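Here's the structure, in structure tokens; my notes come after.
By convention in this document, chain letters (A, B, ...) are assigned in the order of the sequence lines, proteins followed by strands, and residues within each chain are numbered from 1. Since the structure is predicted, the reported quantities are computational estimates derived from the model, not experimental observations.
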Amino acid sequence: MRNVAVVGIGETAFGEHWEKSLRALAVEAGIAAIRDANIEGADIEAMYIGNMSAGKFIGQEHLAALAVDQAGLVGIPSSRLEAACASGSLAFRQACLAVASGEYDIVIAAGAEKMTDLQTEDVTTTLMGAGDQEWEGWLGMTFPGLYALMARRHMYEYNTTREQMALFSVNGHKNAALNPKAQFPFEITVEDVLNSPLVADPLRLLDCSPVSDGAAAVIIASEDVAKRFENPIWLIGSGQATDNLALHDRKSLTSLRATKIAAKRAYEQAGIAPEKIDVAEVHDCFSINGLVALEDLGFCERGKSGKFVEDGNIERGAAVSINTSGGLKAKGHPVGATGISQIIEIVKQLRGECGKRQVPAEFGLTHNVGGTGATVVVNIFGKELKER
Amino acid sequence: MRNVAVVGIGETAFGEHWEKSLRALAVEAGIAAIRDANIEGADIEAMYIGNMSAGKFIGQEHLAALAVDQAGLVGIPSSRLEAACASGSLAFRQACLAVASGEYDIVIAAGAEKMTDLQTEDVTTTLMGAGDQEWEGWLGMTFPGLYALMARRHMYEYNTTREQMALFSVNGHKNAALNPKAQFPFEITVEDVLNSPLVADPLRLLDCSPVSDGAAAVIIASEDVAKRFENPIWLIGSGQATDNLALHDRKSLTSLRATKIAAKRAYEQAGIAPEKIDVAEVHDCFSINGLVALEDLGFCERGKSGKFVEDGNIERGAAVSINTSGGLKAKGHPVGATGISQIIEIVKQLRGECGKRQVPAEFGLTHNVGGTGATVVVNIFGKELKER
Amino acid sequence: MVHRSSVPMHWRLYESRYNLVGNKCLVCGEFFYPSKIVCPNCRRRGILKRVVFSGKGKIYSYTIIRNAPRGFEKYAPYVVAIIELDEGPRVMGWIVDSKISDIKIGQRVSVVFRKIYEDGKEGLIHYGFKFRVIDENNQLRD
Amino acid sequence: MVHRSSVPMHWRLYESRYNLVGNKCLVCGEFFYPSKIVCPNCRRRGILKRVVFSGKGKIYSYTIIRNAPRGFEKYAPYVVAIIELDEGPRVMGWIVDSKISDIKIGQRVSVVFRKIYEDGKEGLIHYGFKFRVIDENNQLRD
Ligand SMILES: [Zn+2]
Ligand SMILES: [Zn+2]
């Protein structure tokens with residue numbers, strides 16, 4: 001199995017791009033990544049693109065062919081990957097495996113979602129396609145509702161407080177204020193969160209990631225090729241796992257089994273422990289999921305995430321700098337693009353290109369969740385190639 | 001890059017399965033494949049599943065997680081691949097690349113689609129998601145309409161006749177009559193085709209593949225592992241390619257560029273010429289596409305497919321036995337399942353398990369098209385391992 | 001964008017949804033709702049048998065949906081919970097006909113049969129189970 | 001299941017759809033409709049410039065749609081063609097106001113501006129271009 005590295009990154013700003021179509025967003029991110037890598041379009045041998053639900057958001061399937069078409073790269077193999085909000089990470093992982101196999105040397109892995117072309121109620125319905133349509137969606141259940149069930153249970157089992165959850169959003173916004181690509185580049189307070197409207201008790205509006213448009217792309221190269229680039233960032237560990245699709249089928253509501261399996265695999269492959277991770281982008285589609293991730297990824301003990309956050313451990317430069325990009329909550333969450341965007345932030349941190357939000361970092365981690373945790377991908381990146 | 005082989009196959013009957021949900025169909029096919037391979041579920045390290053549009057057909061995305069959940073295999077990585085009607089072949093190809101990379105030794109690649117839960121007009125709309133929504137779909141264009149444009153042009157450029165197109169459907173039905181899994185296991189005549197209702201001139205109902213439910217799955221193993229199985233069928237060549245999504249953007253309407261690129265790659269990898277192919281499953285979503293495939297795959301000269309079919313060259317045991325399963329037209333076309341189902345027919349032919357429709361076969365080929373040819377995958381299989 | 005579904009999509013699930021029918025693996029003893037196609041513990045050695053659940057259980061977690069998806073706007077706010085049935089499996093359902101102050105984790109509930117939603121103005125009307133609060137003696141609270 | 005789309009999804013395309021606006025690469029000289037974001041021939045060296053097409057061209061291929069998708073049922077049967085514009089690119093559009101016997105490959109056509117469809121009873125009405133048959137002198141046939 002060959003090693004692979006990220007040698008180029010590019011993304012659109014995240015937000016409400018009324019003026020841009022999905023195809024335009026995807027091409028903008030792709031071109032930025034090609035320029036960042038300083039390669040030609042013709043160097044790219046294949047494309048992988050993550051997208052959750054363009055079929056419902058804009059009536060368009062077959063997005064992989066459309067993306068190469070619009071990018072002027074017609075001919076090369078192009079594949080769409082989907083696992084709800086983890087679609088971007090699936091595209092990245094398949095791209096890496098394809099390069100590792102020897103089939104390609106340079107590929108592009110992208111993610112894109114256009115969510116603002118629909119009315120709010122239809123967005124809510126569409127997002128429930130990530131859950132179990134027959135046993136959750138048909139009841140009028142919503143995604144905030146599912147995570148609210150997890151939040152309520154976490155509060156019950158571990159005395160986690162509303163304020164502790166709010167702090168996760170506050171941290172994201174603090175970082176987003178320094179990220180020009182973020183949808184919400186401003187700070188908020190715990191009071192702002194607690195006074196925002198209830199969406200699904202106990203979750204409030206400022207616990208929830210927004211509806212966003214956006215795209216992100218990275219260029220992946222095989223070991224030999226990557227070494228010719230200036231600043232390759234190496235994928236040193238990767239894991240993907242699944243859990244039951246419906247929340248009521250899970251043994252626990254306060255831990256994502258798929259995160260634990262994927263993280264175990266990634267840490268083992270990387271040969272490092274959670275304590276070695278300097279910076280991590282975790283999947284805070286809702287504040288509660290950020291807290292649960294801290295536990296499942298081994299950054300703190302089970303049930304202790306609320307206290308961990310309260311004690312300042314996730315701030316920039318603390319025990320582990322969490323969501324320096326702003327995270328899904330404050331940077332934005334165009335679902336198919338999120339996994340790739342997380343990788344871009346970690347690559348920038350490891351390159352030392354994050355400007356005011358830069359932290360000292362040798363190892364970085366991404367954690368991308370599909371649905372309520374039925375799919376999870378964890379990647380670990382390093383500045384140095386780890387010999388296998 | 002490690003060699004890979006198919007060591008297990010399983011599929012549902014294709015047709016209108018009012019009584020079965022998508023999840024039930026997928027599990028039925030998966031279990032059949034696991035039994036055929038004579039392995040345990042626990043031996044499977046990852047799943048890949050092709051599906052075009054469950055989000056619109058049944059409101060369900062995140063099908064990869066649902067499939068492992070329902071199959072009782074929760075935990076393993078599971079990924080959904082989509083490229084319209086080529087989704088199944090994308091799942092197969094990514095599964096093969098992942099095994100080739102060394103990440104897994106045994107994986108399952110499946111395809112599934114549940115199309116009959118929608119009303120006809122909505123099925124028509126949903127299928128147009130495979131074309132260009134902004135420049136084809138929004139005009140009220142349909143999939144039969146797009147292929148009708150190709151048919152009209154082929155008739156104009158090469159004097160291809162209505163009767164020649166009809167013969168492609170006739171051949172499929174002749175084979176389907178011997179296939180207990182086929183949706184239409186009976187013979188038809190050229191007159192039947194020419195007297196069937198017009199759908200999109202010059203295409204008539206019996207030129208068109210049906211709306212179908214169904215699922216198919218194969219077990220893929222790495223070289224060392226596959227050699228421990230009784231009758232592994234080896235993937236000796238594989239290619240995937242893209243073309244412009246919208247038909248009006250193409251240089252030609254009478255040839256699929258993506259087929260040519262994918263086929264060239266597959267033949268080169270296999271080290272054989274088209275003449276060596278004994279049996280092929282080609283993508284006849286519409287009769288015209290079957291004819292075009294014969295040309296693009298090199299079975300006959302460009303523009304000569306009508307005559308080639310008329311002269312009996314695609315019948316069982318002739319120059320190349322085409323669509324011994326019945327093809328998309330007569331076996332059925334649950335879009336996401338089709339690519340895997342084609343592979344199953346070729347594996348059965350190479351194993352010698354096709355009963356009355358068996359032909360002498362050393363090399364077999366599958367040709368799976370997404371949309372109007374914006375994605376094409378070509379695979380070549382052999383009974384013997386080709387040393388690389 | 002609402003899923004305008006056909007009749008078969010729902011009648012496939014009628015027995016489960018109307019009568020709270022699931023199954024049980026006779027080998028490992030675990031109960032399942034909805035019915036499993038394959039026992040996840042025993043796989044091909046499992047023997048699955050149809051079971052009708054009592055419909056009694058307790059609240060495992062709950063929420064109040066305030067931003068409803070298309071088709072449910074007129075019902076919001078509504079309470080959706082995960083109920084742990086006395087037989088073991090957990091199911092999702094609305095809690096109705098109960099005081100909001102009675103709805104808490106651990107509270108006992110019992111199943112009722114109700115309309116779930118209408119599929120557009122001329123579409124299907126879907127029915128299924130919901131739950132309501134009962135006391136420790138399985139009696140309705142008033 | 002019809003795509004109940006928002007206004008921006010369509011106004012992004014108004015200029016192209018209303019005025020037959022595409023672009024041309026000044027480097028390789030190729031015309032594009034709809035506008036390309038990147039010149040597929042020249043890529044980053046390409047220079048794309050806005051172009052308004054004449055709307056004159058000839059039929060490259062055509063079909064008659066008899067089984068329409070949701071939202072178009074009442075218009076069927078209708079003729080959809082690929083038109084090769086005089087400037088080079090091909091576009092897809094309906095052929096209207098023409099005798100069916102005049103519709104054949106190679107026939108000259110000219111653009112007209114028409115309603116395409118209504119997005120449900122209370123939704124948007126979408127407009128765009130269609131084509132009609134003209135003679136060799138660019139005159140309408142009667
Ligand atoms: Zn069991
Ligand atoms: Zn150019």
Side-chain angles (χ1 to χ4, degrees), chain A residues 10 12 15-44 53-61 66-76 108 112 114-123 125-126 129 211 213 215, chain D residues 1-18 21-50 68-72 82 88-92 116-124 126 128:
Chain A
T12 68
E16 297 185 349
H17 290 296
W18 304 108
E19 76 294 359
K20 291 178 188 170
S21 63
L22 180 61
R23 56 188 80 190
L25 290 165
V27 170
E28 181 182 331
I31 287 178
I34 290 169
R35 292 202 170 159
D36 179 70
N38 197 20
I39 58 173
E40 298 285 323
D43 295 328
I44 294 174
S53 214
K56 298 193 81 169
F57 282 126
I58 61 168
Q60 182 70 64
E61 310 282 3
L66 179 59
V68 290
D69 175 342
Q70 297 291 307
L73 297 173
V74 161
I76 63 169
I108 189 165
K114 176 77 193 174
M115 302 173 72
T116 64
D117 274 352
L118 281 188
Q119 295 167 16
T120 311
E121 294 81 357
D122 294 323
V123 172
T125 303
T126 297
V211 169
D213 302 328
Chain D
M1 285 297 304
V2 182
H3 192 74
R4 186 164 54 205
S5 44
S6 68
V7 174
M9 185 168 181
H10 292 278
W11 72 237
R12 285 196 293 269
L13 300 167
Y14 277 177
E15 193 186 30
S16 299
R17 286 179 177 170
Y18 285 13
V21 169
N23 58 12
K24 177 190 178 173
C25 176
L26 300 181
V27 177
C28 67
E30 191 170 342
F31 287 84
F32 303 106
Y33 185 88
S35 294
K36 292 283 185 198
I37 306 170
V38 181
C39 173
N41 309 315
C42 310
R43 298 192 52 77
R44 79 179 70 170
R45 278 166 291 278
I47 302 166
L48 292 164
K49 188 174 167 292
R50 179 178 181 279
R70 181 74 68 193
F72 287 88
I82 290 180
R90 296 189 197 126
V91 305
M92 189 171 284
I116 303 289
Y117 72 104
E118 293 157 46
D119 215 358
K121 274 175 196 147
E122 292 147 34
L124 299 171
H126 298 289

Has the side chain of [X] got a donor or acceptor atom that lies under 3.5 Å from a matching backbone atom of [Y]?
{"X": "A/Asp213", "Y": "A/Glu16", "value": "no"}
{"X": "A/Lys114", "Y": "A/His17", "value": "yes"}
{"X": "D/Arg12", "Y": "A/Trp18", "value": "yes"}

Counting only non-hydrogen atoms closer than 4.5 Å, does [X] touch chain D with its backbone (N, CA, C, O), its side chain (CB onward), both, or neither?
{"X": "A/Lys20", "value": "backbone"}
{"X": "A/Ile31", "value": "side chain"}
{"X": "A/Glu28", "value": "neither"}

(message) Can you give me the closest heavy-atom contact between D/Arg45 and D/Val27, atom names plus distance?
(response) O-CG2, 3.2 Å
